[in-house]
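Numbering of ligands and ligand atoms starts at 1, following listing order. Both backbone and side-chain heavy atoms feed into the values below; hydrogens, waters and symmetry mates do not.
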Amino acid sequence: MNSAADIWNEVLKMMRNDLTETAISTWFEDCCAIELQNNRFFIHQPSEFKKQTIESRFIGTIKSALGELFSSDIEVVILDDEELKAMTEAADDSEYLYVDDYTFDNFVVGNSNKFAHAAAVAVGEGREKHGYNPLFIYGESGLGKTHLLHAIRHSISRKFPHYKIVYVKGEEFLNEFIIALQKKRMDEFRDKYRVADLFLIDDIQFIAGKIETQEEFFNTFNSLYEHGKQIVFTSDRPPSEIHRLEDRLRTRFESGLLADIQPPDDALRVAIIRNKAEQLGVIIPEDVINYIAENLNSNVRQLEGAVKMIIAYRDIMDENITVESVKQRLKDMFKGSKDTLPTTDTIIEETARYYALTPDDLRSQSRIRNTALARQIAMYLIRKLTNLSLKETGAAFERDHTTVINSIDRVESRLKDPNDATEFSNVIRDITSNINNTKA
Ligand code: ADP
Ligand code: MG
């Protein structure tokens, strides 16, 4: 979903009637649309000079374009780096409050998640530690892993108020570890984690590849485990597919209970939409519910976004919730709107072209270095720029999803390699911009 960007593209298109191409590129090229919220449209412009110029010369033009698009008066706010940061932090805070809603009561159970849900409930009741320790919940993004983790936290804190619960995201654990190492505060770091009665780690895949962190993590894990403390992980893939994960850690992760969450089926999607609308106190007509469920079918976060968006339009624009209005409003979120996303073919073509190869080369079995590299980049970009799953991405090359994971890994590690990152990220940027230009 990229609605702010789409709105902005429309605005730019309309402004081209009044302004020259040079003016557009000079003042707006590095603008980035952030969001449309409560009748205010937020745009980020990093340069203070350009921000001021836009505010003094162009804000009226932008406003009238928005007015035409939405038939409503919309205020335009240009944010500099600092303001953007403040706004994102405020949003993060509210997201944090929001995790209070991540309880078992608010979790809708269906075929695709009932096993993970049952395991989480058992852990949340403090039942049966042995078979369920550690509990490792995995599945693609937006399917409810973080929600279950917080639900366990709520449930345990209610039942065992004296328990010390430690919740950490994989990437935070990593950052804290690095800082502790630099500042020689390892003891503090250890104390923080080793006192836990319940240890929850969200998105553990982030610690892969960082050897020292894994060492420390292994020790923390053992110490908790030996003291009979419950540990729960989430990850976007099973332990067997987390690359550059030490074998002994992998073995530990697999030694408890592995529970996967699959994308929701029809019945669950309908139930979730109904549930989200109910929570927000709105009744959505049956045919609209079915329309959303049929058209947004991979991910719960998207469903939730759709419900919120149509309610927002209803509130801001006084719009009736009908299939027609929803179709219009959610166009960019729906799979029918492939035009806003590049196609696999375009990505493969453009990546091949960059390396003076053909799309068939990329789809072939060739292991010639340049071809293999181009193929990895194409896979990486397909995952980044489209909604295709790992499996579907692999299928475009007649390969399986493990090959895709490997390729993404290679590309990501080059993007992180200090000797390589600058040049390589330029390559990725160039190809991406070629793809986007083809699309337009
Ligand atoms: P993940 O951690 O797997 O990426 P999240 O737990 O963040 O996904 O879920 C994304 C959003 O979808 C959250 O707002 C969450 O509350 C909601 N969600 C996911 N699964 C369900 C479900 N089964 N019932 C209700 N809400 C759900
Ligand atoms: Mg999550």
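At a heavy-atom cutoff of 4.0 Å, ligand 1 is contacted by both the backbone and the side chain of His147.
When each atom of ligand 1 is checked for a heavy atom of Asn113 under 4.0 Å away, the hits are 23 (N). Applying the 4.0 Å criterion to heavy atoms of Gly144 picks out, from ligand 1, the atoms 1 (P), 3 (O), 5 (P), 6 (O), 8 (O), 9 (O), 19 (C), 20 (N).
At a 3.5 angstrom cut-off on N or O pairs, Leu143 counts as close to ligand 1. An N or O contact shorter than 3.5 Å is missing between Asn275 and ligand 1 by distance.
Between Phe136 and Phe233, the angle of the ring planes lies from 30° to 60°, which puts this pair in the tilted group.
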Would you please test Leu149 and Tyr167 for side-chain contact (heavy atoms from CB on, under 4.5 Å) and show each step? CA-CA 9 Å; Leu149 210 55; Tyr167 168 90; 3.7 Å; yes
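Residue contacts with ligand 1 do not include His150, since none of its heavy atoms lies under 4.0 Å from the ligand.
Between Arg194 and Glu216, at least one side-chain N (NZ, or NE/NH1/NH2) sits under 4.0 Å from a carboxylate O, which counts as a salt bridge.
Excluding waters, the protein N/O/S atoms found under 2.8 Å from the Mg ion (ligand 2) are Thr146 OG1.
With Phe221 as the aromatic partner, Arg252 does not meet the cation-pi criteria of under 6.0 angstrom to the ring centre and within 45 degrees of the ring axis.
Among residue pairs with one or both ends in residues 385-406, none qualify as salt bridge (charged side-chain N to carboxylate O under 4.0 Å, His left out); sequence neighbours excluded.
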